[in-house]
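Residues take their numbers from the sequence shown, with the count starting at 1. From a predicted model like this one, the values you see are computed outputs, not experimental measurements.
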Amino acid sequence: MAPPLLHADLPHFVSFGEALTDLLRSGPNSWRSRCGGAPWNVAMAMSGLGVMSAFAGGISQDVFGQAIWQASADASLDLRFIQQFAKPPLLAIVHQLEPPRYFFIGEDSADLHFRPEALPQGWQQALAWAHFGGLSLAREPLAGRLLALAQALKAQGRSISYDPNYRDAMDTRYDATLERMCRLADLIKVSDEDLCGLFRSPDPRLGLAQISAWNPQAWLLATHGAAGATLYRGTRHWTAAAPPVQVLDTVGAGDAAVAGLLYSLMRQREAAPARHLAWAVAAGTAACTVAGAGSAPRALVERLDALISPAPGA
């Protein structure tokens, strides 16, 4: 039997999970909508850096789903990986902005109906990195499908990145998934808030130690908000501060940071870890200069990268 036709335009990076609509309260009786979802944000950021990328997930066919579809098309994501269903949209209701307070509406929503077997023929052969995380890994039956897919891709020699992106739904029932994905991943990204929430501890160092014990060979990126980030690799680590910028919006900054690290690893994996970290911090910082999870100009990321000088840890 002849091998499947491998299209030259298939993406090298695919982010799996949820795309959703944030409904943000803008006044006592007014709301505004914004496309979002951590896995979708990562795909958008990767495309903005010039990587052939796709978001793979299910979206609705209504006005909310169409907005995500159009934004994906405008960002040059591969639309063959988005599946639309006549199901309700996944919504994040952000009823308080500072500090953020929110809840999700998504019973039998479109994201849960995503089917990996319906993706374009030959996509796995073209793939270099697959990204997983977000709320999707805490929502069945989607979570089970994505976990099985991540394991299958890893067995095929593909690289896996993982960002849990902690949400309240990730209680003790999520612990097994967290460990499974951390042991599987080649790159793990967490924020200080993620670590405190996932490991139910006020000290993020407890979670870092556990993840390192599960997978000491993974690239481990810990982001610290305005303070920058730390990159761990084996027994070594490097830290970098974020350069000063005029902050417009911090939404999607962590997703942009993991995209920056992934981009650097895809471009030149053997570069010094400090250089990989600089790209991560530059991309995350640049994302703070644009509204929402929109991609910052690549030229800005490059300028910020030149300003960052990571230092090795003691």
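- Under a hydrophobic-cluster definition in which Ile, Leu, Val, Met, Phe, Trp and Tyr are linked whenever side-chain heavy atoms come within less than 4.5 Å, directly or via other members, Leu127 and Leu147 are assigned to the same cluster.
- Every residue two or more places apart in sequence or in another chain that forms a salt bridge (Lys or Arg N to Asp or Glu O under 4.0 Å) with Arg183 is listed here: Glu179.
- Applying the salt bridge (Lys or Arg N to Asp or Glu O under 4.0 Å) definition to pairs two or more places apart or across chains, those involving residues 264-278 are Arg275-Asp305.
- Gln66 and Gln84 are linked by a side-chain donor-acceptor pair at a separation below 3.5 angstrom, with hydrogens and angles left out of the test.
- For Tyr102, the ring pair (Phe, Tyr, Trp, His ring centres under 6.0 Å) partners at least two apart in sequence or on another chain are Phe104.
- For Gln268, the side-chain contact (heavy atoms from CB on, under 4.5 Å) criterion is met by Ala271, not counting sequence neighbours.
- Note on Leu91: it does not cluster hydrophobically with Ile68, by side-chain heavy-atom contacts below 4.5 Å among ILVMFWY residues.
- No continuous path of hydrophobic side-chain contacts links Trp238 to Leu304 [ILVMFWY only; heavy atoms under 4.5 Å].
- Proximity of Leu195 to Ile211: side-chain heavy atoms (C-beta onward) are separated by under 4.5 Å at one or more points.
- In this structure, the side-chain contact (heavy atoms from CB on, under 4.5 Å) partners of Cys196, at least two apart in sequence or on a different chain, are Pro204.
- Here the closest non-hydrogen pair linking Pro88 and Glu107 is CG-O, 4.2 Å.
- Legend: residues meeting ring pair (Phe, Tyr, Trp, His ring centres under 6.0 Å) with Phe132, ordered by chain and number and at least two apart, are Phe16.
- Scanning for salt bridge (Lys or Arg N to Asp or Glu O under 4.0 Å) contacts around Asp62 gives an empty result, with sequence neighbours left out.
- Looking at Lys154 and Asp186, a side-chain N of the basic residue comes within less than 4.0 Å of a carboxylate O on the acidic one, giving a salt bridge.
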Item to complete: Please assess Val42 against Phe13 for the test side-chain contact (heavy atoms from CB on, under 4.5 Å), listing each intermediate value before the final yes or no.
Response: CA-CA 10 Å; Val42 174; Phe13 172 83; 3.7 Å; yes

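- Considering only heavy atoms from C-beta on, Val94 stays 4.5 Å or farther from Arg101 through its side chain.
- You'll find the side chain of Arg233 stays beyond 4.5 Å of the side chain of Leu220, heavy atoms only.
- Under the rule for a salt bridge (Lys or Arg N to Asp or Glu O under 4.0 Å), Arg158 has no partner lying at least two apart in sequence or in another chain.
- Residues meeting the salt bridge (Lys or Arg N to Asp or Glu O under 4.0 Å) test with Asp168, sequence neighbours left out: none.
- Closest of all the heavy-atom pairs between Pro89 and Phe64 is CG-CD1, 3.8 Å.
- Separating the CH2 atom in Trp214 from the CG atom in Leu184 is a distance of 13.0 Å, to the nearest 0.5 Å.
- Sorted by first and then second residue, the pairs that involve residues 191-203 and meet salt bridge (Lys or Arg N to Asp or Glu O under 4.0 Å), not counting sequence neighbours, are Asp175-Arg200, Asp203-Arg205.
- Annotation: ring pair (Phe, Tyr, Trp, His ring centres under 6.0 Å) contacts of Tyr232 (sequence neighbours excluded): His237.
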Set out, in order, the CA-CA distance, both residues' side-chain angles and the distance that settles salt bridge (charged side-chain N to carboxylate O under 4.0 Å, His left out) for Asp111 and Lys87, then state yes or no. CA-CA 9 Å; Asp111 57 300; Lys87 292 290 183 178; over 6 Å; no

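- With hydrophobic clusters built from ILVMFWY side chains whose heavy atoms lie under 4.5 angstrom apart, Leu23 does not share a cluster with Trp40.
- Residue pairs meeting the ring-ring contact (aromatic ring centres under 6.0 Å, His included) criterion with at least one member in residues 252-271, sequence neighbours excluded, are Tyr263-Trp279.
- Following chains of ILVMFWY side-chain contacts shorter than 4.5 Å, one can reach Trp31 starting from Val63, so the two form part of one hydrophobic cluster.
- Around atom CD of Gln246, no more than 12 heavy atoms belonging to other residues, nucleotides or ligands sit under 6.0 Å away.
- Remark: aromatic rings of His276 and Trp219 are close, center separation under 6.0 Å.
- Residues Leu187 and Trp129 have side chains in contact (heavy-atom distance under 4.5 Å, counting atoms from C-beta outward).
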